[in-house]
Every structure is written in C-alpha cells, then in structure tokens.
Amino acid sequence: MSEFDPRRRVPRTDAVLADPRLVAAAGRLGRGPIKDAVGAALAACRAGEIAPAEVTDRAVAGLPRDAGSLRPVINASGVIVHTNLGRAPLSDAARAAVDRAAGATDVELDLATGRRGRRGAGAVGALVNAVPGAEAAHVVNNGAAALALAANALARDREVIIARGEMVEIGDGFRIPELLEAAGARLREVGTTNRVRLADYAAAVGPQTGFVIKIHPSNFVVDGFTSTVGLGELRTLGVPVVADIGSGLLTPYPRLPDEPDAATSLAAGADLVTASGDKLLGGPQAGLIIGQATLVERLRRHPLARALRVDKLTLAALEATLVGPVAPVPAALARTRDELTARAERIAAAIGEPARAIPSEAAVGGGGAPGVTLPSAAVALPEHLAEILRLGNPAVVGRVERSRLLLDLIAVDPADDESLITAARAAIGT
Ligand SMILES: *Cc1c(COP(=O)(O)O)cnc(C)c1O
C-alpha cells in the first residue's frame, strides 16, 4: 500500500458514527440501519469511489427515511380497496387516534372508578350506534377470524348449512368453507352452483345444525339461470342465521345497490353479521361481528376470542373511523367523473407533454362489488414510466392498459396531486 493509497486515509468507523446527524438518526431508526449506511460509505471510500471527506455525507444520504421496510404508496391504480396496497388507508382522525393510543392508554381501565373497564368499549359502542337494529357487537382480528370464531363457538362438531353457490375462495388460495371446517364445523352443502331453494335448506336443518350461513359472493358474479334464498326466508328455518357480508358497509350505499350492508341484513333476518373493517368501511384491518346480544356474548366470552382479539391501535382507529370525518375509501367512492376529470386535466397540464387526461373505469376492489365499474378519470403516460414511478419515493402505482400507464385519480387523495405531478415530471426527465 503506497503512502498515497486512498485506503490509508479511510476514516475510522467510530469517528464517522460520532457525526451528530448519524447519532440523531440512530435515536430515530435504531443502530442497525446506521451501521449499514456507514459500512456502505466506508466500502465506497476503500474502493476509491468517494474521497475520505465525503464518507459521512454519503452515509447520511444512504440512511433509510423511516424505520421498517414498508414504503408509502400513492394508489393511482383505480382500485379503491387494493389488497396489495394494504386495503383501506386510514383517515387523518384514525391516524391521530392510533398515535394517541400508541402510548399507555385506558383501553381496559375505567378512569372514573379506577377499576378494570370493558376492553374496546368505545369502538364497540360506536359500531352498535352506527348500525340500526344492532343489539351488540364484537371486534376481532379480521373477517376470517370473525367467521372462525362464529363457527367454533356456535357449530363445533355440528353442521353449518351452506349453499354450494356461496362456497367462496377469498384470495391468496384461502377458502371460506375450508376455514369453517378448520374451525371445527362440519359443512352441510345444499343446492347446486347456480340454484338453491328454501326447501333445500329446510331439508338439511336438524338437531346437528349449528347455524345457516349466507356468504356474499363478493368477488364474482353468477349470471343466468340462478336463484338464491334471502335472509328473510332463511330466518323462518328456526336456526341461527349468520350473514357474512364481507365489505363492511354498515348501512345501504346508493352507489352500490347490490352490496349488502349490516343494517339491512339484520332487519331482513340475520342473527349475526360478519364483515371486514378495512374494506368499504375504510377503517383498520378488523373483523366486525354485529347482531343479537346473546349470540355476540357467546362469541365474546369464548376461549378463542382471546386469541383473535385486536390491539389498542386497531380499536382506536376503528372508533375514530366510525365517529370521525369521512374516511378515504368512502371519500373515493363518492367522487364524480366531473371532479376527477377536472383534476386529471390540471395534473396533465402541469406535467406537460406527453401527459393526457382521459376518462377511465375504476373498481371498488378488495373483493367488493364485482362487475361494478365506477366512472373515473386518469392521466395517461407512456408505459415505460410505470416502473420508474413504482420505484420512486413515494412510490406511485398506476395501471397499465392498452400499452399506456394510467394514473387513475379516484383513489388518490387530492392532497397528493402535487406529489403525483412532481413524481411524473421527474420520471419523464430521467
Ligand atoms: C373479504 C371477505 C372475507 C375475509 O375477510 P378478511 O377481513 O380479509 O379476513 C370473508 N368473506 C367475504 C364475503 C369477504 O368479502
């Protein structure tokens, strides 16, 4: 090694680590990412790529922005509830509630008496208030957990009567009938793929019946020679009726007339309704169980309820979603093509060539409202920009259609329009 070999002048690790910016970052991110960034900068210096005096700046530049590997994404896919993008984004009110609840909080303490309080009373109360006809509610980890709990608490070693046309696979290879069986219930299938009658159910009811389930085929449509049995008829069977509505609509939503909701399902004859918290409700991942008080209580006091219970962060976010301002998912659902077109035109003009504003068809997604398209608008860009935008920070995920990249605005918060413009301009410039 010659006297002038740059490797001789590589700074010492502890000298670099003592830089105040890196010390401050270690407090925020933990020591691991700091060591990695310093190691990479020192290696670049040893390789002669940067001068010794540049090592600290390079290490600071190489730091991750935040602890953890999840990156923020602007959802320009045109799918409002995008499972791969974490389904519903939380409202600002829900995020603030999560932040408050993240410390010590009175989730199970009655501050007035100093005694143990009912866990999640605020969220459960808000849920009961939001659903006309609901006597009681319970919250578990997700929609699948709600079904597993109902099956185990009400039908273990007994039968769940289920129509063959409602034996749904929900995604990633998971199937509701298999879930019910794994939870200890035996399936009693009735009808055919396309048709089932009340008489089919009636013939299956017996001493072994735990409950009848009605599952909303949320991610497919059966068209043609079909018939199903409504909750109003199922209630006449004299056994508990569980309605898995999936989407989490609490009351009817006029823009999605075919999407079942909790209030209507209870009024029609369901004893229990199960749904997800992070689909159309727009809240955190959660399983909502709503309905008749004695059944809800049996589920709530069941040993498995403890294994499926939600944390304080979920309870905080759910309550804020229920009582707070309109959450991003319902806000997206309510957007009109006119308002989206105006945004698309403004954004396309700000980006400049070759961006164009065009009409687009958006979808609800997340296994909700299959076959329903929502009139939307998008900014069209050359297809090759898809990858560049996806790798940016924030990442922008659009949709490639007919060899163009579409940035559909229906699920984009208007507050993110400027970020979208900045990202697109940068991508075009590269
Ligand atoms: C989404 C869905 C589920 C599963 O709910 P998760 O919250 O994803 O566990 C169950 N049933 C129906 C009808 C659904 O749409």
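Read the numbers this way: they start at 1 and go in the same order the structure lists the ligands and their atoms.
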Item to check | Side-chain heavy-atom pair Val412, Arg343 within 4.5 angstrom cut-off | outcome: yes
Next on the checklist: Quick one, Thr192 and Arg164 - any side-chain contact, counting heavy atoms below 4.5 Å?
Outcome noted: no
Item to check | Ala144 N/O under 3.5 Å from ligand 1 N/O | outcome: yes
Next on the checklist: I need the atoms of ligand 1 closer than 4.0 Å to a non-hydrogen atom of Ile176, numbered in the order shown.
Outcome noted: 10 (C), 11 (N)
Item to check | Residue part near ligand 1, for Val168, under 4.0 Å between non-hydrogen atoms | outcome: neither
Item to check | Sidechain N-carboxylate O distance under 4.0 Å for Arg402, Glu383 | outcome: no
Checklist entry - Quick one: does Asp278 get an N or O within less than 3.5 Å of an N or O on ligand 1? => result no
Item to check | Ser276: numbered ligand 1 atoms lying under 4.0 Å from its heavy atoms | outcome: 1 (C), 5 (O), 6 (P), 7 (O)
Item to check | Crowding at CZ, Arg28 (>12 non-hydrogen neighbours, <6.0 Å) | outcome: yes
Checklist entry - Of the options Arg158, Arg186, Glu159, which is the one that meets Gln208 in a side chain to side chain donor-acceptor pair (under 3.5 Å)? => result Arg186
Checklist outcome for this item: In Leu147, Ile215, Leu299, Ile290, the residue satisfying side chain to side chain contact (heavy atoms under 4.5 Å, CB included) with Thr274 is Leu147
Checklist outcome for this item: A student checking ligand 1 against Gly246 at a 4.0 Å heavy-atom cut-off should list atoms 12 (C), 13 (C), 14 (C), 15 (O)
Checklist entry - Just by distance, do the side chain of Arg119 and the backbone of Val310 share a donor-acceptor pair under 3.5 Å? => result yes
Next on the checklist: Taking only non-hydrogen atoms of Gln285, do any sit less than 4.0 angstrom from ligand 1?
Outcome noted: no
Next on the checklist: Can you name the atoms of ligand 1, numbered from 1 with element, that are less than 4.0 Å from a heavy atom of Gly143?
Outcome noted: 5 (O), 6 (P), 7 (O), 9 (O)
Item to check | Residue selection (non-hydrogen contact nearest atom 2 (C) of ligand 1) among Arg87, Lys279, His216, Glu166 | outcome: Lys279
